Every structure is written in C-alpha cells, then in structure tokens.
Peer 1: 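Supplied in structure tokens, the structure appears directly below.
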Number of protein chains: 2
Amino acid sequence: MTDANTALHADASRPSRREQILQAAAQLFAERGSRAVGVDDVGAAVGVTGPAIYRHFASKDAMLAEMLLRISERLLEGGTARVAAAGDDPMAQLRTLIAFQVDFALDNPALITVHDRDLGSLADEDAAQVRRLQRRYVEVWVDVLGRVHPASDAATSRARAHAVFGLVNSTPHSAGRLPRRRTAALLAAMAEAAATA
Amino acid sequence: MTDANTALHADASRPSRREQILQAAAQLFAERGSRAVGVDDVGAAVGVTGPAIYRHFASKDAMLAEMLLRISERLLEGGTARVAAAGDDPMAQLRTLIAFQVDFALDNPALITVHDRDLGSLADEDAAQVRRLQRRYVEVWVDVLGRVHPASDAATSRARAHAVFGLVNSTPHSAGRLPRRRTAALLAAMAEAAATA
DNA sequence: CCGGTGCGTGAACCCTCGTTAACATCCCGC
DNA sequence: GCGGGATGTTAACGAGGGTTCACGCACCGG
C-alpha cells in the first residue's frame, strides 16, 4: 500500500489491479504468513471482496507461486548481470553481488520474508521450479566465493553463501531502526568481512 | 525421532510421551510450518492418534507456545551464563557468545526455523512473552557488541546483532552438507569477522 | 441501441482441522 | 481383587476459509 515493495510491478506509477493484489498479498503474507492470510484479507487490502481475486488469479496458491517465481527470477537475473558487468576480479564480483543483495533486501524486506518462509506451502511443481532458480542463484555466489577462496571446496563455498544470505537477509528484523544508507553500508561491510574470512 | 533436537527434553535417554510430542512437533513445524501441520500428523509421528495430544497439551497453540518459550529461555539463560563466565574482555565475551549460538544452531536447526517463522501464529500473550525473552537475549549481544565497538550507538549494535543471528542461523539451509566440526568452525570465523567489521 | 466482455458482489458449498465427548484399557495403591 | 487415574481410540461437532455460482453493471465496438 505504501512504497513497500518495488520488485513486483513493472509499472510503478499506476499498477494494474493484478499488480496491486500481488503487492498487497506480499505485504500480508510477510506479516502473518501465507496460510494465516485469507483471500478476503487480500481483497480488503486493495478495496475489493475476496472472490474478486479469482478474476485475476486461478487460486490463492497461484498468487504465492507467481510471487516466489518473480522474486527468484529477479535475483538470478540481477545477480548474473552484475557479475558479468564486474569484470574478472573475484573481489569486485563479490562486492557487486553483496551490494545487489543488500539493495534487494532493503527494498523488499517483505519479499525476503515470504521467499524463505512460504516455499513449503507451494505445490510440488511450483516449489521445484522456485528451488531450481534459487539453486542457480546460489551457484552464482558459489562460483565467485570459490574464486575468492581457491583452497575451499564447493560445499564450503555453499555454506559460506548461505551464511552471507542469512546475514544480509536480516533486514526484516532490523529494518527502520537505522537510516537506510547506514544500514546498507553496515550490512555490506559485515557481509564482505564474513565472505572473505 | 532421530537425534534431531536435544534442547527440548531434559531426560534424553527415555523421554516422556509429552517430550516425544514436543520434539516431533518441532520437527514437523520446521519442515512445513505450524499451520500446515495437523494435530493428526503430530500424533502419527509419535505413534498415536491426533486427539491423544490433548491428554498432554491444552491445545495445539499451547504446544507451539511451550516450544517457543523453552527455546527463548534456553538462549537467554545460556547466553547470559556464557558471558558471565567469560571475564571482562569484550572480545572473549563475543567469542563465547558466538560459539554458544553456533552450537545451538547446529544442534537444533528445526527449533531455529520454528523460532522465527511461527512466532506470528501465537496468541498475543504468549507472543509478547516470547518477544520479551528474545529482546533480552538480543540485549546481551548488544551490550557485548557495544563494548567491542565503543564508537557505535545502540541501534547499530542491534542491527549488527541481528545480522550475526542471520548468519549463524543459516544452518537449516546448509546443514549436513559439511561435517559438523567444519561447519562450526566456518560459521564461528565468519560471525567473528562480521561482528568485528 | 445492443450484445459481449471485464470486473465485482453476495450467497452458498464443502472440505479441512481443531476440539470435545463417550467409551476402552492398563496399571498401581489399598 | 478392585477402584481410579492416566492414556488412547473412534465418532461427531463446528468454525474457518478457499472456491464456485448466479447475477449486476459499466464500458465499448458495430
């Protein structure tokens, strides 16, 4: 409803009803969990009744699926693009990846929350698709971390990547208490220190 | 059922039915989310039918409440005890806190998951109680981090603490792929680097 | 005008699931 | 041996909530 999430609608100025619904749903899902949010709640958040949702989505699960797929795709695309644009230096690649993840986490704390909490309430097929995208994004990190730590094996790099994600994605817990710029700088510095430790 | 979670039962050798239920529930809640797990599922996991649960707990919510309260209490107690035993050196206190959190996260990945995912599906009173305990535990970290970074204000220390929690609590995502000792060492090193950055 | 298409509404349907009730069983102290 | 509490079982109730249905209405091309 506010400026919470920018990642879900392409046209931010006058989002279509469909995009309004997705964004409101993301917010509500993040606050209470997708299973605790009723279709009526989502409708009310955009000023319509519950069943009106079905003019735009096949089901409640379809909403969640589209939400998670978009997030995963955005992360994967953004991550690969940044790395490709960062040249050959592993440290430069790492820094740009961190900056990207920090920006995303600060822009979309709600999506971050939903992303790793409600994957389980997805139909098997959709869940598998999301996991494929997630895995590919993780692999982008694993590659870069592997070049930063040439002595480490892939499993170690993978654990490192997950740890950095956890660090950066702490934004939903600490958001708003500090000016955004400060938070971004702090998280980036901590993430780089952790990733290179 | 296996050796998954050691934090919930005092007598690990022959846990009472009540403790079996709590442990099985923690496992299931972590895998699927508390709302997606039925009372029948929990019962089946310990070899009884669903309604048998009500011989040991007043309600499904009471199970979740007790689970989260125990976790929060354990963390707060353990954290304060470790800090008190670590002497006056802030870095020594930080290191022992990190070691404690890493051990807990590796011993109880399921509890970690439930802890910060299902707080929202708790009755207001219980949720408030859990949050009080959480806050006090965070303050233990904030105090130590404040002494490690004398120039930082409390808000910054708090953000740092949450970031370190996120890093260490990534165990549910990366568990098992690496021998435990290696994971513990890696996480501790990363956490210390991040906390002192 | 006029019919169709898009978007919404309120009512009803029905399945899931937490909870309770009524009835067995085991076991232990007297 | 026997009464009673602890522990389970099956059957049933009832609320909540996702989904469908039948209908209204605005808008738009011909």
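Note on naming: letters A, B, ... go to the chains in the order of the sequence lines (proteins, then strands), and numbering restarts at 1 for each one. Bear in mind the structure is a predicted one, so any value in this text is a computation, not a measurement.
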Peer 1: Between which nucleotides of DNA chain D, read 5' to 3', does contact with chain B run, using atoms under 4.0 Å from its heavy atoms?
Peer 2: D:dT7 to D:dA11
Peer 1: What is the distance, rounded to the nearest whole Å, between atom CZ of A:R18 and atom C1' of C:dG8?
Peer 2: 17 Å
Peer 1: Output all residues satisfying salt bridge (charged side-chain N to carboxylate O under 4.0 Å, His left out) with B:D61, sequence neighbours left out; order by chain, then residue number.
Peer 2: none
Peer 1: Evaluate the side chain to side chain donor-acceptor pair (under 3.5 Å) criterion for residues B:S152 and B:R160: first the C-alpha distance (whole Å), next the side-chain angles of each, then the deciding distance (0.1 Å), finally the verdict.
Peer 2: CA-CA 10 Å; B:S152 294; B:R160 247 190 274 265; 2.6 Å; yes
Peer 1: With B:R74 as the cation and B:F104 as the aromatic partner, state whether NZ or CZ is under 6.0 Å from the six-membered ring centre and within 45° of the axis.
Peer 2: no
Peer 1: CZ of A:R180: more than 12 outside heavy atoms within 6.0 angstrom?
Peer 2: yes
Peer 1: Does B:F100 have any side-chain contact (heavy atoms from CB on, under 4.5 Å) partners at least two apart in sequence or in another chain, and if so, which?
Peer 2: B:L75, B:R82, B:Y137
Peer 1: Suppose we screen for side-chain contact (heavy atoms from CB on, under 4.5 Å). Which residues come up paired with B:S34, at least two apart in sequence or across chains?
Peer 2: B:F29, B:L64, B:D118, B:S121
Peer 1: Taking OP1 and OP2 of C:dC17, is either one under 4.0 Å from a side-chain nitrogen or oxygen of B:R35?
Peer 2: no
Peer 1: By a strict heavy-atom criterion of less than 4.0 Å, which residues belonging to residues 53-64 of chain B are in contact with DNA chain D?
Peer 2: B:R55, B:H56
Peer 1: Provide, to the nearest angstrom, the distance between the CZ atom belonging to A:R17 and the C1' atom belonging to C:dG8.
Peer 2: 9 Å
Peer 1: What residues in residues 116-129 of chain A put a non-hydrogen atom under 4.0 Å from any atom of DNA chain C?
Peer 2: none
Peer 1: Hey, does A:V37 reach any base, or is it just sugar-phosphate, or nothing, if we go heavy atoms under 4.0 Å?
Peer 2: sugar-phosphate
